Number of protein chains: 2
Amino acid sequence: MHHDHLSATFAALADPTRRAMLARLSQGEANVSDLAKPFLKEMSLPAITKHLKVLEKAGLVTKTKEAQWRPCKLNGAPLKDVSDWMDHYRIFWEESFDRLGEYLKTVTAQEKSKGKNHGRKKKNK
Amino acid sequence: MHHDHLSATFAALADPTRRAMLARLSQGEANVSDLAKPFLKEMSLPAITKHLKVLEKAGLVTKTKEAQWRPCKLNGAPLKDVSDWMDHYRIFWEESFDRLGEYLKTVTAQEKSKGKNHGRKKKNK
DNA sequence: CCGATAATTAACTAATTGGTTAATTAACCA
DNA sequence: TGGTTAATTAACCAATTAGTTAATTATCGG
C-alpha cells in the first residue's frame, strides 16, 4: 500500500464519500451510524466502516469508545502536511500568468547555467 | 473510476512518483524522458508514461508535441480546487485548540437546536 | 532510405480498492 | 437472561492500479 503519510492522506481524500464524512465531522463528533446515515441508500454499513478505516489510517479521524457507540472526531493534522505541500505550487494558480512566465524563465535559466541541455529546447520554428 | 474532478486530482497526487514529476515540472517544462530519468532505476519508461497519463487526466499536466519529444508543463488549475476544499478545514489545524473547541461547541449547539438528537451524547459517567 | 531516439501501445500479472452478504462481537436495558 | 442496537469481521467478488516485457509508431538526421 502507501508507504508515506502524504500519499495515504491524498488517497483517503480521493473519494467523495470519505470527503463527505469529513465534512460531517467538521460539524462535530459523530458515531459511525450518524456518518453512515446519508449513504445507507447507496451502500451498506460495512462499506462505511471500511471508508472510516481508511480515514483513520491516514490519521484524519480518531475513533473512541463510548458504550456500544464509536464517537469519531476529525483530526486536521494530516491536512497541514497537504497544505504545506500545496504551498510550493500556489504560484501556479494564484499568481497572474505573466508573473508565472517570468518565474519560469528565471528557473529554467538557472537550469541551463548548470549545464543541463537534454530535452533540447531549440525552438527552431 | 472517478466521476468528480476533485477525486481524480487527489488520486493523482496520492503517489510519490507522480508528485516528484510535478515537482520537476514546477522547475519548468520537461520531456517524458527528462521526467523519467530519476526513476529509471526503479521502474520502466512505460510505467512513467502511465503515471503521466494519470496526471494528464487530472488536468495537472499538459503534454504538447515537438518532433519526437513530448514537452510537458504543469497546470496548477486543479490544485486551486484542492486549495478551496482545504480552506474549509484550515481551522482544524491552524487555530489554537482552545478556539477550535469553542468553534465546535457553537456548531454542535446549532445542531442540537435543529432537533437532531441521535448519537445520544448523554455522558452519564 | 536507414538507423537511432522518443514515446506509446499491447498484453499480461499481482496487489489493492470498494463494494457485497452473512456472521459475530459487545454493550445496554427490561 | 434474552432481545435490541451499534459496529466490526469474514469471506467473497469485480474493477482498478501499478507494474512488467515486447512490439510499434513516429520523427529526425545523415
Side-chain angles (χ1 to χ4, degrees), chain A residues 1-4 7-21 29-37 39-58 61-73 117-125, chain B residues 1-4 7-21 29-37 39-58 61-73 117-125:
Chain A
M1 217 229 258
H2 310 290
H3 300 96
D4 59 304
S7 295
T9 303
F10 276 126
L13 298 176
D15 182 285
T17 302
R18 288 194 291 262
R19 290 198 304 278
M21 290 166 77
E29 276 194 14
N31 298 324
V32 176
S33 43
D34 295 329
L35 290 172
K37 207 154 308 167
F39 304 106
L40 289 181
K41 293 105 195 171
E42 312 153 29
M43 73 184 70
S44 67
L45 191 60
I48 297 294
T49 297
K50 283 188 174 187
H51 280 305
L52 204 42
K53 196 158 293 181
V54 173
L55 292 169
E56 281 184 87
K57 283 195 179 158
V61 166
T62 306
K63 195 168 50 182
T64 55
K65 205 169 179 174
E66 185 161 344
Q68 65 250 241
W69 292 276
R70 298 292 176 271
C72 302
K73 102 185 199 324
N117 196 28
H118 47 260
R120 213 218 43 164
K121 211 83 283 315
K122 212 178 63 183
K123 209 65 168 182
N124 50 346
K125 210 271 330 267
Chain B
M1 217 228 261
H2 310 290
H3 300 95
D4 60 305
S7 295
T9 304
F10 275 127
L13 298 177
D15 183 285
T17 303
R18 288 195 292 262
R19 289 198 304 276
M21 293 168 75
E29 276 195 13
N31 298 325
V32 176
S33 42
D34 294 329
L35 291 172
K37 206 155 306 167
F39 304 105
L40 290 181
K41 293 108 197 170
E42 314 153 29
M43 74 183 71
S44 66
L45 192 59
I48 297 294
T49 298
K50 283 189 175 188
H51 279 305
L52 204 42
K53 195 158 294 182
V54 173
L55 292 169
E56 281 185 270
K57 284 196 179 159
V61 166
T62 306
K63 197 169 48 184
T64 57
K65 205 168 178 173
E66 185 161 344
Q68 65 252 239
W69 293 276
R70 298 291 177 270
C72 301
K73 103 186 198 323
N117 197 27
H118 48 260
R120 211 217 45 163
K121 211 86 285 312
K122 211 176 63 181
K123 212 63 167 182
N124 51 344
K125 215 235 22 228

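Keep in mind that this is a model prediction, so the values were computed, not measured. In what follows, every chain begins at residue 1, and chains take the letters A, B, ... in the order their sequences are listed.
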Novice: Please give, in whole Å, the distance from C:dT8 C1' to B:Glu56 CD?
Specialist: 11 Å
Novice: Check side-chain hydrogen bond (donor to acceptor under 3.5 Å, both in side chains) between A:Lys73 and all other residues, then give those that pass, not counting sequence neighbours.
Specialist: none
Novice: Output one line per pair: protein atom, nucleotide atom from nucleotides 14-21 of chain D, and distance, for all N/O pairs under 3.5 Å.
Specialist:
residue: D:dT16; atom: OP1; partner: B:Met1; partner atom: N; Å: 3.4
residue: D:dA18; atom: OP2; partner: B:Arg18; partner atom: NH1; Å: 3.1
residue: D:dG19; atom: OP2; partner: B:His51; partner atom: NE2; Å: 2.3
residue: D:dG19; atom: N7; partner: B:Lys50; partner atom: NZ; Å: 3.1
residue: D:dG19; atom: O6; partner: B:Lys50; partner atom: NZ; Å: 2.2
residue: D:dT20; atom: OP1; partner: B:Ser44; partner atom: N; Å: 3.3
residue: D:dT20; atom: OP2; partner: B:Ser44; partner atom: N; Å: 2.8
residue: D:dT20; atom: OP2; partner: B:Ser44; partner atom: OG; Å: 2.6

Novice: Grab the CD1-P distance between B:Ile48 and C:dT9 for me, whole Å please.
Specialist: 16 Å
Novice: Side-chain N or O of A:Lys53 versus OP1/OP2 of D:dT9: is the shortest distance under 4.0 Å?
Specialist: yes
Novice: Does B:Lys63 have any side-chain hydrogen bond (donor to acceptor under 3.5 Å, both in side chains) partners at least two apart in sequence or in another chain, and if so, which?
Specialist: B:Glu56
Novice: What nucleic acid atoms does B:Ser33 come within less than 4.0 Å of, heavy atoms only: base, sugar-phosphate, or nothing?
Specialist: sugar-phosphate
Novice: Please give the nucleotide sitting opposite C:dA22 as a Watson-Crick or G-U wobble pair, both distances under 3.5 Å, or none.
Specialist: D:dT9
Novice: How long is the line joining CG of A:Asp34 and C1' of D:dA7, in whole Å?
Specialist: 13 Å
Novice: Counting side-chain heavy atoms from CB outward, which of D:dT9, D:dC28, C:dT8 is closest to B:Lys63?
Specialist: C:dT8
Novice: Rounding to an integer number of Å, can you tell me how far A:Gln68 CD sits from D:dT8 P?
Specialist: 12 Å
Novice: How many whole angstroms separate atom CZ of A:Arg70 from atom P of D:dT8?
Specialist: 7 Å
Novice: Can you name the residues that form a side-chain hydrogen bond (donor to acceptor under 3.5 Å, both in side chains) with A:Gln68, not counting sequence neighbours?
Specialist: none
Novice: Who pairs with A:Arg19 by salt bridge (Lys or Arg N to Asp or Glu O under 4.0 Å), at least two apart in sequence or on another chain?
Specialist: B:Asp4
Novice: Calculate, to the nearest 0.5 Å, the distance between atoms CD1 and CZ belonging to B:Ile48 and B:Arg18 respectively.
Specialist: 10.5 Å
Novice: Distance check: side-chain N/O of A:Thr49 vs OP1/OP2 of D:dT8, anything under 4.0 Å?
Specialist: yes
Novice: Side chains of B:Lys57 and B:His2: does their closest heavy-atom pair fall under 4.5 Å?
Specialist: no
Novice: What's the CH2-C1' distance between A:Trp69 and C:dC28, to the nearest Å?
Specialist: 7 Å
Novice: Rounded to the nearest angstrom, tell me the gap between atom CD in B:Glu66 and atom C1' in D:dT27.
Specialist: 12 Å
Novice: Taking only residues two or more places apart in sequence or in another chain, which ones pass side chain to side chain contact (heavy atoms under 4.5 Å, CB included) with A:Ser33?
Specialist: A:Asn31
Novice: When the distance from NZ of A:Lys37 to C1' of D:dA7 is rounded to whole Å, what number comes out?
Specialist: 14 Å
